[in-house]
J.: 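Supplied in structure tokens, the structure appears directly below.
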Amino acid sequence: MSTFGSESLEDPGGSLRPIERAFFDRPTLIVARELLGHVLVHRTPEGLTAGRVVEAEAYLGPNDPASHAYRRTARSRVMWGRPGTAYVYFTYGNHFCINVVTETEGVAGAVLIRALEPVAGLDLMRSRRGVGDPRELCSGPGKLTVAMGITGAHNGWDLTREPLYLAWGALREGETVGISPRIGIRRAADWPWRFFVEGSPFVSRSPRKSRAPRASWRP
DNA sequence: ATCTAGATCGGCT
DNA sequence: GCCGATCTAGATG
């Protein structure tokens, strides 16, 4: 599937062209890692917002105890659905988080988008978030849904088309991918399924201390 | 019917 | 770093 890699390089963030569904119809860990550098876009009546993915986590199916798809329930059902679908859920009584569904339809998997580097509509993001610092706009899964105007109403949305979609982007020259355990979970807490742009000031926080080694991966 | 943990954030120390 | 807010999904009785 290296065609995806080369295609992503021909459009480093300019035209916001939607990513094809086939990109998401692959193993979740691959999609999570390769999602870095691509761009989440939302066009609303208030204006356009967009951000580069700088942090993402893989959540698998019935063999991943930390995943909502560990059990098949009404909420997690969409994780078995069509790749490229949005899985938006509400947590901690306060926050929405957005995932993109992966794997072939019928196989559970999703990638949680944990942080974005804002690239368009920063003033709209500021007014939605009530803060000014670009690093504070989308540096966390609950923050970025507010900044991007995403709510539970977007659960089940097809992220391969307007007005809410993922667009081709790319890692910049010299950027490398860091790997660590996922954040904020109890079960499978050591599995290194979080991917992030090393050194980016736009990632959320560090994972809690863990036996699993941090690692780095060079594309 | 009731309980509990949670893919979080912001404020405070 | 610690803690409270706020509430839902899912589990258990």
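So that the names make sense, note that chain A is the first sequence line, chain B the second, and so on, each numbered from 1.
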J.: Which heavy-atom pair separates A:His95 from A:Gly142 by the least distance, and what is that distance?
T.: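 Distance-wise, the nearest heavy atoms are CB-CA, 4.1 Å.
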J.: Which parts of residues 86-105 of chain A get close to DNA chain C, meaning a heavy atom less than 4.0 angstrom away?
T.: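 Here the set is A:Phe90, A:Tyr92, A:Gly93, A:Asn94.
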J.: Where the side chain of A:Arg182 meets the backbone of A:Glu57, is there a donor-acceptor pair that is under 3.5 Å apart?
T.: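 No.
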J.: Is there any protein nitrogen or oxygen under 3.5 Å from a nitrogen or oxygen in nucleotides 11-13 of chain C, and what are the pairs?
T.:
{"unit_1": "C:dA11", "atom_1": "OP1", "unit_2": "A:Arg71", "atom_2": "NE", "d": "3.1"}

J.: For the pair A:Tyr165 (side chain) and A:Leu16 (backbone), establish whether a donor and an acceptor sit closer than 3.5 Å, ignoring hydrogens and angles.
T.: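 Checking the backbone N and O of A:Leu16 against the side chain of A:Tyr165, a donor-acceptor pair under 3.5 Å is found.
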J.: Return yes if some donor-acceptor pair links the side-chain N/O of A:Arg129 with the main-chain N/O of A:Glu136 below 3.5 Å, else return no.
T.: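 Yes, A:Arg129 side chain to A:Glu136 backbone: donor-acceptor pair under 3.5 Å.
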J.: For A:Arg43 and A:Pro163, indicate whether the former's side chain and the latter's backbone hold a donor-acceptor pair under 3.5 Å.
T.: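 Side chain of A:Arg43 to backbone of A:Pro163: no pair is present.
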J.: Any protein N or O atoms within reach of nucleotides 1-3 of chain C? Criterion: under 3.5 Å, listing atom names and distances.
T.:
none

J.: Fill in the dot-bracket string of DNA chain B, one character per base: . for unpaired, | for a pair to another strand, ( ) or [ ] for pairs within the strand, taking Watson-Crick or G-U pairs under 3.5 Å.
T.: ||||||.|||||.
J.: Please tell me whether A:Phe202 and A:Ile179 are part of a single hydrophobic cluster in this structure, the criterion being side-chain heavy atoms less than 4.5 Å apart.
T.: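 Yes, it is one cluster - the side chains of A:Phe202 and A:Ile179 are joined through contacts under 4.5 Å.
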J.: Have A:Ser200 and A:Glu117 got a donor and an acceptor in their side chains that come within less than 3.5 Å?
T.: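 Absent: no donor and acceptor within the cut-off.
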J.: Distance-only, no hydrogens or angles: does the A:His42 side chain make a donor-acceptor pair with backbone N or O of A:Met148 under 3.5 Å?
T.: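 The answer is yes, because a donor-acceptor pair under 3.5 Å joins these two groups.
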J.: So, the side chain of A:Glu46 versus the backbone of A:Leu124: is there a donor-acceptor pair under 3.5 Å, distance only?
T.: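 No; zero donor-acceptor contacts below 3.5 Å.
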J.: Which residues in residues 124-138 of chain A have a heavy atom closer than 4.0 Å to any atom of DNA chain B?
T.: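 Output list: A:Arg129.
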J.: Parallel, tilted or perpendicular: which describes the rings of A:Phe90 and A:Phe96, with under 30° parallel and over 60° perpendicular?
T.: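 A:Phe90 vs A:Phe96 ring planes: tilted.
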J.: Is the backbone N or O of A:Pro83 less than 3.5 Å from a side-chain atom of A:Arg21, with the two atoms forming a donor-acceptor pair by type?
T.: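 Side chain of A:Arg21 to backbone of A:Pro83, a donor-acceptor pair under 3.5 Å: yes, one is there.
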J.: Nearest heavy-atom pair of A:Gly184 and A:Tyr92: which atoms, and what distance?
T.: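 Heavy atoms of A:Gly184 and A:Tyr92 come nearest at O-OH, 4.4 Å.
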J.: Quick check: closest heavy atoms across A:Pro118 and A:Met125, and the distance to 0.1 Å?
T.: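 Shortest heavy-atom contact: CB-SD, 3.8 Å.
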J.: Please identify the 5'-most and 3'-most nucleotides of DNA chain B with any atom under 4.0 angstrom from a heavy atom of chain A.
T.: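 Range of nucleotides within reach of chain A: B:dA5 to B:dG10.
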J.: Treating A:Thr49 as the side-chain partner and A:Gly121 as the backbone partner, does any N or O pair qualify as donor plus acceptor under 3.5 Å?
T.: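 No; zero donor-acceptor contacts below 3.5 Å.
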J.: Step by step, work out the side chain to side chain contact (heavy atoms under 4.5 Å, CB included) result for A:Arg82 and A:Asp158.
T.: CA-CA 9 Å; A:Arg82 202 180 182 201; A:Asp158 178 3; 4.0 Å; yes
J.: Can any side-chain N or O of A:Arg52 pair as donor or acceptor with the backbone N or O of A:Ala170 at less than 3.5 Å?
T.: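 Flag set: sc A:Arg52 to bb A:Ala170 pair under 3.5 Å.
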J.: Applying the 4.5 Å side-chain criterion to the ILVMFWY set and letting contacts propagate, would A:Ile30 and A:Ile113 be lumped into a single cluster?
T.: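 Per the 4.5 Å side-chain linkage, A:Ile30 and A:Ile113 are not co-clustered.
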